[in-house]
**Q** 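Have a look at this one before I ask anything.
Just so we're on the same page: letters track the sequence lines, and every chain starts at 1.
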2 protein chains.
Amino acid sequence: MSQRKITIKEFAGKLGVSTATVSRAFNTRGRISAKTRQYILNKATELGYCANVHAKNLSRQDTSTIGFFYPVINSEEPDYFIDEIMFGLNNRLQKVAKTLQVNPFPEFCSEETLNLCRQKILSGSTGGVIIVAGSKGSKVLFETAKSAAVPYVIIGHLLGIENNAVQFDNEHGASLAGNYFRKINRSHPAYIGGHLDSAKKQGFINGLKVSEDQIFITHCGYGFRAGADAFQKVIKSMPEVDCVLCANDPIAMGFISAAQAHNIKIPEDIAVIGFDDIRPSRFFVPGLSSVSLRLSMIGMQAVEMILKNMNGEPCPTQHIECDLVLRESS
Amino acid sequence: MSQRKITIKEFAGKLGVSTATVSRAFNTRGRISAKTRQYILNKATELGYCANVHAKNLSRQDTSTIGFFYPVINSEEPDYFIDEIMFGLNNRLQKVAKTLQVNPFPEFCSEETLNLCRQKILSGSTGGVIIVAGSKGSKVLFETAKSAAVPYVIIGHLLGIENNAVQFDNEHGASLAGNYFRKINRSHPAYIGGHLDSAKKQGFINGLKVSEDQIFITHCGYGFRAGADAFQKVIKSMPEVDCVLCANDPIAMGFISAAQAHNIKIPEDIAVIGFDDIRPSRFFVPGLSSVSLRLSMIGMQAVEMILKNMNGEPCPTQHIECDLVLRESS
DNA sequence: TAATCTTGCGTAAACGTTTACGCAATATAT
DNA sequence: ATATATTGCGTAAACGTTTACGCAAGATTA
């Protein structure tokens with residue numbers, strides 16, 4: 001039961017070889033005959049030898065784990081946005097035998113909590129870090145990594161960053177939605193935004209090719225409930241509304257639910273498009289059209305970049321193309 | 001820029017103290033005066049000293065990272081079931097300053113991939129592991145952990161496990177659904193199951209208090225599409241059906257969508273209940289009733305157990321109570 | 001055949017911590 | 001005042017790997 005693990009010294013002893021030879025059998029560096037390597041590998045599975053990873057990391061001054069840091073916007077439920085990115089990360093990391101270490105931190109978090117994160121970066125526990133922008137903490141962690149020369153990649157937009165980021169173009173994405181509404185001849189647009197999504201708003205205006213005052217604009221939180229509330233505002237101020245862009249998908253779902261409860265037909269009366277294309281959007285009835293940020297692809301890209309970065313190669317910032325996914329709601 | 005990190009020796013040297021004293025300043029063990037500790041801590045933030053985690057782990061023969069292993073059922077998209085559990089894990093782990101290492105492995109995975117996981121367990125990279133049951137790999141990893149005396153917790157049901165598990169009672173959960181249908185006087189029930197959910201089926205029968213041959217039963221995959229297909233079968237074989245329990249939520253959503261396309265009213269004509277209560281169920285229209293497994297609570301419980309286990313305390317298997325969450329679909 | 005190059009392996013010194021042990025110096029008890 | 005207990009800190013030996021270096025033995029070359 002409580003087997004203490006066999007160490008390289010004991011293992012080498014049993015085989016009558018040196019620890020150096022054992023080490024060489026498992027690693028590609030160093031000279032060793034094919035025969036002894038095979039012998040050692042066989043014996044290893046037989047005796048259950050497996051190198052201690054801490055000793056290895058310490059000796060090599062290196063590790064194969066990648067840290068993933070992201071702000072927790074809503075502490076009540078999982079974040080689909082993040083989950084989708086993480087899905088992409090894992091997908092790619094598996095293929096290169098790296099391990100993911102996940103580090104959520106509250107959006108508004110104490111200095112202390114942030115320090116715990118900083119220590120994870122500074123203590124060498126990760127060979128590189130991927131940081132999701134979107135809170136003050138993100139910035140702090142970015143600076144920590146940068147000043148400690150730990151390879152990093154930022155997902156999203158952070159002030160003062162030029163390289164090593166993978167970004168999405170919200171403005172362009174929103175313009176796709178505007179474009180589409182224009183093409184299907186909807187002419188009474190509304191935009192329901194989050195706190196500070198001015199890029200989306202601007203893109204929407206550009207796509208529609210109208211002036212700002214022809215659009216009804218309102219701001220709200222990022223949730224389902226907020227979307228439902230926003231519907232009331234919209235319908236009151238602009239009863240003739242026939243197309244709506246929402247800053248994320250839950251808002252759009254809330255809007256649609258409230259609208260349907262008012263016997264408004266989607267998309268016949270009002271065409272609705274959301275943002276992010278989170279997974280539930282395809283389950284929603286009617287299927288929710290959405291501006292896809294290709295989040296899992298962003299995750300994969302981030303992995304590519306961090307690998308390069310860890311290799312010392314430079315990493316210009318990548319821009320991931322948005323995509324308008326049309327379903328029944330528009 | 002490329003600052004090499006300062007080591008304890010260098011740091012201690014600058015302060016004119018020994019490495020032992022520095023170490024004692026950061027750890028609670030060992031005797032040290034309050035004054036020197038404070039002095040050292042101050043100097044540390046000033047000079048940016050942070051202990052190397054690999055050296056620490058090696059010396060301590062111990063680590064504060066917890067490994068999370070789970071089978072990937074669908075390699076195309078994130079798994080809500082898992083995400084919800086992981087949410088609970090993180091939530092709890094943060095409070096005890098432990099770090100999560102995530103290790104997805106394909107449901108049907110190669111010996112090689114599995115070995116990578118086994119090595120993570122055997123190499124001491126984790127102080128304890130939490131394994132989600134549900135594939136052959138889960139069993140292998142469980143055995144690995146057990147035989148190597150690495151603290152483990154199993155989420156779900158695994159053959160031959162008595163302790164260290166946190167389980168949910170699918171049978172009881174399904175009986176709640178049956179009960180409910182009986183109370184609202186629905187008498188033509190159907191059950192749409194996954195490959196091997198006999199516990200759910202049995203529970204449903206028990207709750208309904210009918211014999212098995214009074215229920216229409218069909219099996220299908222675990223997705224949205226499968227649920228839509230199942231609807232066709234059900235409506236053909238049992239046109240008078242008025243209540244349905246589905247083995248998971250996506251199935252239920254698919255079923256409802258297909259039914260609505262046939263102008264069948266939910267819940268008036270057919271009341272539908274899903275299983276797992278994944279997050280999208282509350283966005284769905286109509287809101288999907290579901291048997292909640294309280295997944296995030298399961299995650300939290302798993303953390304409690306692994307902590308105890310790592311502490312050497314015994315861990316009897318925990319059973320998490322199911323809960324019937326009623327929304328508009330039933 | 002002798003000179004050189006290559007291969008396979010062992011010895012031992014890192015890597016950066018923690019901690020048992022010991023010894024002064026100080027505090028407490030008699 | 002002396003005897004004893006406690007406190008604060010330094011010395012050095014782990015922890016389990018990797019790898020530079022060196023040295024025989026075998027392979028290659030001239």
**Q** Rounded to whole angstroms, how far apart are CD1 on A:I8 and P on D:dG16?
**A**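 Rounded to the whole Å, the gap is 11 Å.
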
**Q** Check whether any side-chain N or O of B:R29 sits under 4.0 Å from OP1 or OP2 of C:dT18, and answer yes or no.
**A**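 No, no such contact exists.
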
**Q** Considering only heavy atoms, which members of residues 10-19 of chain A lie under 4.0 Å from some atom of DNA chain C?
**A**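 Under 4.0 Å from DNA chain C: A:G16, A:V17, A:S18, A:T19.
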
**Q** Between A:F69 and A:Y152, is the gap from one ring center to the other below 6.0 Å?
**A**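 That pair fails the under 6.0 Å test.
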
**Q** Atom NZ of B:K35 and atom C1' of D:dC9: how far apart are they, to the nearest Å?
**A**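 Taking NZ of B:K35 and C1' of D:dC9, I get 14 Å after rounding.
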
**Q** Starting from the 5' end of DNA chain D, give me the residue, B:S33 or B:Q61, whose nearest nucleotide shows up first.
**A**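 Taking each residue's closest nucleotide, the earlier one in sequence belongs to B:S33.
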
**Q** Rounded to whole angstrom units, what separation is found between the CZ atom of B:R31 and the C1' atom of C:dT18?
**A**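 These atoms are roughly 16 Å apart.
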
**Q** Using whole Å, what does the distance between atom P of nucleotide D:dT17 and atom CG of B:L122 come to?
**A**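 In whole Å, D:dT17 P and B:L122 CG are 12 Å from each other.
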
**Q** Please classify the nucleic acid contact of A:A51 as base, sugar-phosphate, or nothing, using heavy-atom distances under 4.0 Å.
**A**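 Since only primed, P, OP1 and OP2 atoms lie under 4.0 Å of A:A51, the category is sugar-phosphate.
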
**Q** Is a donor on one side and an acceptor on the other found under 3.5 Å between the side chain of A:R37 and the backbone of A:A25?
**A**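 Checked: pair present.
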
**Q** D:dT19, C:dG8, D:dC9: which one has an atom nearest the side-chain heavy atoms of B:T36?
**A**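 Within the option list, the nearest is D:dC9.
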
**Q** Please confirm whether the backbone N or O of A:E84 pairs with a side-chain atom of A:S296, one donor and one acceptor, at under 3.5 Å?
**A**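 Side chain of A:S296 to backbone of A:E84: no pair is present.
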
**Q** May I ask you to decide whether A:E46 forms a salt bridge with A:K43, counting only side-chain N to carboxylate O separations under 4.0 Å?
**A**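 Yes, charged N to carboxylate O under 4.0 Å.
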
**Q** Under 4.0 Å between any heavy atoms, over every strand shown, what does A:N27 touch: base, sugar-phosphate, or nothing? Just pick one.
**A**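 The answer is sugar-phosphate, as A:N27 gets under 4.0 Å only of primed atoms, P, OP1 or OP2.
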
**Q** To the nearest angstrom, how far is B:K9 atom NZ from C:dA13 atom C1'?
**A**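 From B:K9 NZ to C:dA13 C1': 11 Å.
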
**Q** If you measure from the Lys or Arg side-chain nitrogens to the Asp or Glu carboxylate oxygens, is any gap between B:R294 and B:E321 under 4.0 Å?
**A**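 No.
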
**Q** When you get a sec, tell me which of D:dT17, C:dT17, D:dT19 is the closest nucleotide to the side chain of A:A55?
**A**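 Closest nucleotide among those given: D:dT17.
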
**Q** Let me know, please, whether B:A20 or A:C50 comes out on the 5' side of the other along DNA chain D by nearest nucleotide.
**A**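 With B:A20 and A:C50 compared, the 5'-side residue is B:A20.
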
**Q** To the closest 0.5 Å, what do you measure between CG (B:N309) and CG (B:N163)?
**A**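 Result: 9.0 Å between the selected atoms.
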
**Q** Output the rounded distance in Å from CG (A:L58) to C1' (C:dT18).
**A**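 My rounded result for the distance is 12 Å.
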
**Q** Does any donor-acceptor pair link the side chain of B:R24 with the base of D:dG10 at a separation under 3.5 Å?
**A**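 Under the 3.5 Å cut-off, the side chain and the base do form a donor-acceptor pair.
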
**Q** Just how far, in rounded Å, is C1' of C:dT17 from CG of B:N57?
**A**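 B:N57 atom CG is separated from C:dT17 atom C1' by 10 Å.
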
**Q** Hey, does the side chain of B:S123 reach the backbone of B:Q119 with a donor-acceptor pair shorter than 3.5 angstrom?
**A**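 Yes, because the side chain of B:S123 sits within donor-acceptor range (under 3.5 Å) of the backbone of B:Q119.
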
**Q** Rounded to the Å, how far apart are B:N52 CG and C:dC15 P?
**A**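 Going from CG in B:N52 over to P in C:dC15 covers 12 Å.
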
**Q** Do the side chain of B:N27 and the main chain of B:R29 share a donor and acceptor less than 3.5 angstrom apart?
**A**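 No, because the side chain of B:N27 does not come within donor-acceptor range (under 3.5 Å) of the backbone of B:R29.
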
**Q** For B:S59 and C:dG16, is the shortest distance between a side-chain N/O and OP1 or OP2 below 4.0 Å?
**A**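 No, outside the criterion.
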
**Q** Quick one: the side chain of B:S23 and the base of C:dT18, do they pair up donor-acceptor inside 3.5 Å?
**A**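 Such a pair does not exist between side chain and base.
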
**Q** Name the nucleic acid region contacted by B:Y49, choosing base, sugar-phosphate or nothing; use a 4.0 angstrom heavy-atom cut-off, strictly under.
**A**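 The answer is sugar-phosphate, as B:Y49 gets under 4.0 Å only of primed atoms, P, OP1 or OP2.
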
**Q** Of the listed nucleotides (C:dG10, C:dT17, D:dC9), which one gets closest to any side-chain atom of B:T7?
**A**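 Ranking C:dG10, C:dT17, D:dC9 by closest atom to the B:T7 side chain puts C:dT17 first.
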
